[in-house]
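Model, not experiment: these values are computed from the prediction.
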Amino acid sequence: MMKEQRAFPHIETERLLLTIPSEEAAPRMLAFFEENREHLARWSPPVPAGYYTESYWRDRLAQGRAQFTQDEALRLVLFERDAEAGPVLGVCNFTNFVRGPFQACYLGYSLDHRFEGRGMMYEALKAATAYAFEQLRLHRIMANYVPVNERSGKLLRRLGFVVEGYARDYLLIEDRWQDHILTSLTNTKLKADNARS
């Protein structure tokens, strides 16, 4: 029996559009990550070879669409609400889906440094987590951050994420293993008999 094809998300908020764009957005993805290279390096693991090329981003966007279709990940790109063909403002990625009794994923996100402090990532993640819970029927979203990243910690608390632990030497960032604070948000509306296997 074939699995029903799920439509690609088109999530609108007051100011933003969140979607999984086609490979045609590769130049704009590259521009976003080049513009924010220094800004994001403080919080991100090392990038793979070819990361700052259009061909890498064409492949990554195609992979993102395939992962969504295969129920493995939800890699959303943020645009201004009425400018889907405009510049990329940020990304929020729900990855490593585990179904069965866990129904969980990891969340990572990045915003263009020029748009920080305007509540845009809060707006995006509020809508994106609702989609993950209501449409994808996930039960747990896990998000981890470097302790000195106060902005990220504050954002997650505002969204309702709860601190669950502290992991020492958790992730390689800026050439050293860095501790992380572990948080999660759970879908209290998802009943056990509604969870997908």
Side-chain angles (χ1 to χ4, degrees), residues 7-70 72-97 105-132 141 143-146 148-156 159 171-175 178 180:
F8 290 115
H10 204 83
I11 305 166
E12 290 188 2
T13 69
E14 183 182 346
R15 297 175 290 176
L16 301 170
L17 168 67
L18 289 68
T19 192
I20 306 173
S22 72
E23 299 93 306
E24 292 175 5
R28 291 178 288 146
M29 294 297 291
L30 175 59
F32 169 80
F33 283 101
E34 283 183 328
E35 172 65 33
N36 291 280
R37 186 188 298 219
E38 189 177 319
H39 170 63
L40 298 177
R42 298 175 292 166
W43 320 118
S44 306
V47 298
Y51 191 79
Y52 295 105
T53 65
E54 279 189 30
S55 62
Y56 174 88
W57 284 104
R58 274 194 298 277
D59 292 346
R60 179 72 175 262
L61 288 166
Q63 180 188 43
R65 287 187 152 226
Q67 287 177 323
F68 179 76
T69 300
Q70 295 159 11
E72 297 172 349
L74 170 64
R75 296 180 179 274
L76 294 168
V77 179
L78 284 58
F79 300 99
E80 287 187 57
R81 183 173 174 169
D82 299 319
E84 187 173 355
V88 171
L89 305 184
V91 296
C92 56
N93 297 316
F94 298 78
T95 58
N96 299 333
F97 286 11
C105 71
Y106 287 95
L107 168 63
Y109 46 87
S110 304
L111 185 68
D112 189 307
H113 67 95
R114 295 167 293 189
F115 292 90
E116 284 191 333
R118 301 185 196 179
M120 285 191 164
M121 189 52 75
Y122 173 81
E123 186 177 320
L125 290 179
K126 191 80 173 165
T129 56
Y131 180 90
I141 299 170
N144 309 322
Y145 66 94
V146 179
V148 295
N149 190 348
E150 295 285 343
R151 186 183 291 272
S152 197
K154 184 178 179 183
L155 170 64
L156 291 170
L159 287 162
L171 197 60
L172 186 65
I173 296 174
E174 291 192 309
D175 296 322
Q178 296 201 32
H180 276 63

What's the shortest heavy-atom distance between [X] and [Y], and which atoms?
| X | Y | answer |
| --- | --- | --- |
| Leu16 | Ala124 | CD1-CB, 3.9 Å |
| Val88 | Asp112 | O-OD2, 4.4 Å |
| Ala25 | Leu61 | C-CD1, 3.8 Å |
| Val91 | Met121 | O-CE, 3.7 Å |

Practice task
May I have the step-by-step check of side-chain contact (heavy atoms from CB on, under 4.5 Å) for Leu40 and Arg42, ending in yes or no?
Solution key: CA-CA 5 Å; Leu40 298 177; Arg42 298 175 292 166; over 6 Å; no
Practice task
Indicate yes or no for a side-chain donor-acceptor contact from Thr53 to the backbone of Gly50 under 3.5 Å, with no hydrogens or angles considered.
Solution key: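 It does hold such a pair.
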Handout entry: Quiz item: cation-pi between Arg65 and Phe8, 6.0 Å / 45°
Key =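 Yes, a cation-pi geometry.
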Exercise for the section: Look at atom CD of Glu24 and say whether more than 12 heavy atoms of other residues, nucleotides or ligands are closer to it than 6.0 Å. Expected result: no
Separation of [Y] [atom2] from [X] [atom1] (nearest 0.5 Å):
| X | Y | atom1 | atom2 | value |
| --- | --- | --- | --- | --- |
| Tyr131 | Leu125 | OH | CG | 15.5 Å |
| Met120 | Leu89 | CE | CG | 6.0 Å |
| Asn36 | Leu111 | CG | CG | 8.0 Å |

Can you confirm whether [X] sits close enough to [Y] that some side-chain heavy atom of one is under 4.5 Å from a side-chain heavy atom of the other?
| X | Y | result |
| --- | --- | --- |
| Leu156 | Lys154 | no |
| Leu76 | Cys92 | yes |
| Phe32 | Pro87 | no |
| Leu78 | Phe115 | no |

Practice task
Please report the C-alpha distance between Ile20 and Leu74 in whole Å, then the side-chain angles of each, then the deciding distance to 0.1 Å, and finally whether the side-chain contact (heavy atoms from CB on, under 4.5 Å) criterion is met.
Solution key: CA-CA 8 Å; Ile20 306 173; Leu74 170 64; 3.9 Å; yes
Practice task
Check side chain to side chain donor-acceptor pair (under 3.5 Å) between Thr95 and all other residues, then give those that pass, not counting sequence neighbours.
Solution key: none
Exercise for the section: Mind checking side chain to side chain donor-acceptor pair (under 3.5 Å) for Asn144 and listing every partner two or more places apart, or none if nothing turns up? Expected result: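 Here the qualifying residues are Tyr170.
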Exercise for the section: Would you mind listing every ring pair (Phe, Tyr, Trp, His ring centres under 6.0 Å) that reaches into residues 73-96, with sequence neighbours excluded? Expected result: none
Residues two or more places apart in sequence or in another chain: which of them pass salt bridge (Lys or Arg N to Asp or Glu O under 4.0 Å) with [X]?
| X | answer |
| --- | --- |
| Glu12 | Arg81 |
| Arg58 | Glu54 |
| Glu174 | none |

By side-chain contact (heavy atoms from CB on, under 4.5 Å), which residues pair with [X], not counting sequence neighbours?
| X | value |
| --- | --- |
| Pro48 | Tyr51, Tyr56 |
| Glu72 | Gln67, Gln70 |
| Ile173 | Val146, Leu171, Gln178, His180 |

Exercise for the section: Return each pair, listed once, that meets side chain to side chain donor-acceptor pair (under 3.5 Å) where at least one residue sits in residues 116-129; pairs must be two or more places apart or across chains. Expected result: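 Of all non-adjacent pairs touching residues 116-129, those that pass side chain to side chain donor-acceptor pair (under 3.5 Å) are Thr13-Glu123, Arg15-Glu123, His39-Glu116.
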Exercise for the section: Could you walk me through whether Cys105 and Asn96 pass side-chain contact (heavy atoms from CB on, under 4.5 Å), step by step? Expected result: CA-CA 5 Å; Cys105 71; Asn96 299 333; 5.9 Å; no
Practice task
Compute whether any side-chain donor of one residue and acceptor of the other, for His113 and Glu38, lie under 3.5 angstrom apart.
Solution key: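 No.
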Exercise for the section: For Trp43, check ring pair (Phe, Tyr, Trp, His ring centres under 6.0 Å) against everything at least two apart and list the hits. Expected result: none
Exercise for the section: Name all residues meeting the ring pair (Phe, Tyr, Trp, His ring centres under 6.0 Å) criterion together with Tyr145; count only those two or more places apart in sequence or in a different chain, and write none if there are none. Expected result: none
Practice task
Apply side-chain contact (heavy atoms from CB on, under 4.5 Å) to Thr19 and Ile11, showing your working.
Solution key: CA-CA 6 Å; Thr19 192; Ile11 305 166; over 6 Å; no
